[in-house]
Structure formats: C-alpha cells, structure tokens
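If you read the sequence from its start, that first residue is 1, and numbering goes on from there.
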Amino acid sequence: MSIQQTDVLYTAVATAEKGRDGRVATDDGKLDVVVNPPKEMGGSGAGTNPEQLFAAGYSACFQGALGVVARQEKADITGSTVTAKVGIGKNDDGFGIIVEISAAIPNVDAATARDLLEKAHQVCPYSKATRGNITVTLA
C-alpha cells in the first residue's frame with residue numbers, strides 16, 4: 001500500500017548535474033560525489049555510479065529490515081552483513097537493472113537465515129518499491 005504525503009517522516013533530496021558523467025549531491029551536503037560510467041560501459045570509472053549508489057542504499061535499507069524481522073523473530077543477527085549486487089544491461093527499450101541480495105548471518109543456521117532474508121524482503125521499502133518492476137533475487 002502506498003503512503004500519502006502526510007505520512008512522510010523524512011525526504012531525501014539529491015540533485016544531479018551532467019547525468020551519469022557529472023556530479024550528484026544532497027541538499028544538506030552530506031553526500032557530494034563525482035559520477036562516471038564504469039569502465040565496463042565505456043566510461044572512465046573514476047567516480048562512483050548510479051548502480052553503486054543504488055546498491056549502497058538497498059543494502060543499508062535491507063539490513064535495517066533484517067533487524068526489524070530479527071527482533072520480531074527473536075533471532076540474533078549480531079555481526080550480520082547484507083550485500084546488494086546491482087547489475088545494468090541492455091534490454092528491449094534501452095537499459096535495465098537486476099539485483100541480487102545476499103546476507104551473512106553468523107549466529108543462525110542456514111534455514112533460519114533464509115527465512116529471515118525472505119521476511120526482510122517483504123518489509124524492506126526498497127524491495128517493495130522494486131517488486132514487479134525489476135528482477136530481485138535472494139542468494
């Protein structure tokens with residue numbers, strides 16, 4: 001279910017200049033980075049790129065969702081990490097992205113880790129936003 005503007009608790013604001021070969025910064029100055037296409041896509045690879053920024057945001061958000069689920073399930077996720085791999089490639093109408101989410105959860109068995117991962121995927125705002133739009137796999 002979508003939230004309404006009156007439900008918004010925080011709004012991040014970022015502005016890009018010169019697209020994939022320029023700069024992006026947040027209005028508060030906490031993020032100000034050069035963006036360049038990766039070498040694999042013919043760019044200099046000197047700066048970061050939108051896929052890295054998306055992977056960073058998705059992995060952080062998913063780790064937060066994992067924490068919410070772990071508290072509900074009374075599971076110990078101390079020392080856990082979440083990795084998001086964001087791939088970009090050509091599709092029918094230009095380019096598209098694909099995501100793989102994996103987690104290392106040292107204090108639980110494999111079945112519990114998988115269950116926590118699947119439940120976190122249901123509550124993570126990034127997962128909700130991408131559901132039905134791009135392929136997201138849990139590894």
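Interatomic distance, S59 OG to L66 CG, rounded to the nearest 0.5 Å: 12.0 Å. Rounding to the nearest 0.5 Å places CG of D76 at 12.5 Å from CZ of R71. Here the CD1 atom belonging to I134 is positioned 11.5 Å from the CG atom belonging to N91, to the nearest 0.5 angstrom. With rounding to the nearest 0.5 angstrom, the CD1 atom of I77 is 6.5 Å from the CD1 atom of I105. Taken to the nearest 0.5 Å, the OG1 atom of T137 stands 9.5 Å off from the NZ atom of K85. For the atom pair D7 CG and L9 CG, the distance stands at 8.0 Å (nearest 0.5 Å).
Applying the salt bridge (charged side-chain N to carboxylate O under 4.0 Å, His left out) test to every pair with at least one member in residues 129-139, sequence neighbours left out, gives no pairs at all.
Here the shortest heavy-atom pairing between I101 and A84 reads CD1-CB, 3.7 Å. The two residues D109 and T112 have their closest heavy-atom pair at OD1-N, 2.7 Å. Contact detail for D21 and N36: the closest heavy-atom pair is OD1-ND2, 2.6 Å. For the residue pair T26 and D28, the shortest heavy atom distance occurs at OG1-OD1, 2.7 Å. When all heavy atoms of T48 and Q52 are compared, the closest pair comes out as OG1-OE1, 2.7 Å. Considering every non-hydrogen atom in both V99 and V86, the closest pair reads CG2-CG2, 4.0 Å.
The side-chain heavy atoms of V69 and Q122, taken from C-beta on, include no pair separated by under 4.5 Å. Side-chain contact between I97 and T130 is absent, with no heavy atoms from C-beta onward closer than 4.5 Å. The closest side-chain heavy-atom distance from R20 to M41 is below 4.5 Å.
Residues satisfying the side chain to side chain contact (heavy atoms under 4.5 Å, CB included) test with R23, not counting sequence neighbours, are E17, A25, D32. Residues that satisfy the ring pair (Phe, Tyr, Trp, His ring centres under 6.0 Å) test with F62, not counting sequence neighbours, are absent from this structure.
Linking Ile, Leu, Val, Met, Phe, Trp and Tyr whenever their side-chain heavy atoms come within less than 4.5 Å leaves V24 and I88 in two separate clusters. I3 and Y126 are members of different hydrophobic clusters when ILVMFWY side chains are connected at heavy-atom separations under 4.5 Å. Hydrophobic clustering, with ILVMFWY side chains joined whenever heavy atoms are under 4.5 angstrom apart, groups L117 together with V123. Linking ILVMFWY side-chain heavy atoms closer than 4.5 Å, directly or via other members, places Y58 and V35 in two distinct hydrophobic clusters. Placement of V68 and V82 in two distinct hydrophobic clusters is found when ILVMFWY residues are connected by side-chain heavy-atom separations under 4.5 Å, directly or transitively.
At least one donor-acceptor pair under 3.5 Å links the side chain of N133 to the backbone N or O of A129. Not a single donor-acceptor pair under 3.5 Å links the side chain of S102 to the backbone N or O of A139. A donor-acceptor pair under 3.5 Å links the side-chain atoms of N107 to the main chain of T78, judged by distance alone.
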Run the side-chain contact (heavy atoms from CB on, under 4.5 Å) test on R114 and L138 for me, step by step, so that the C-alpha distance in whole Å, both residues' side-chain angles and the decisive distance to 0.1 Å come before the verdict. CA-CA 9 Å; R114 182 66 187 185; L138 303 178; 3.7 Å; yes
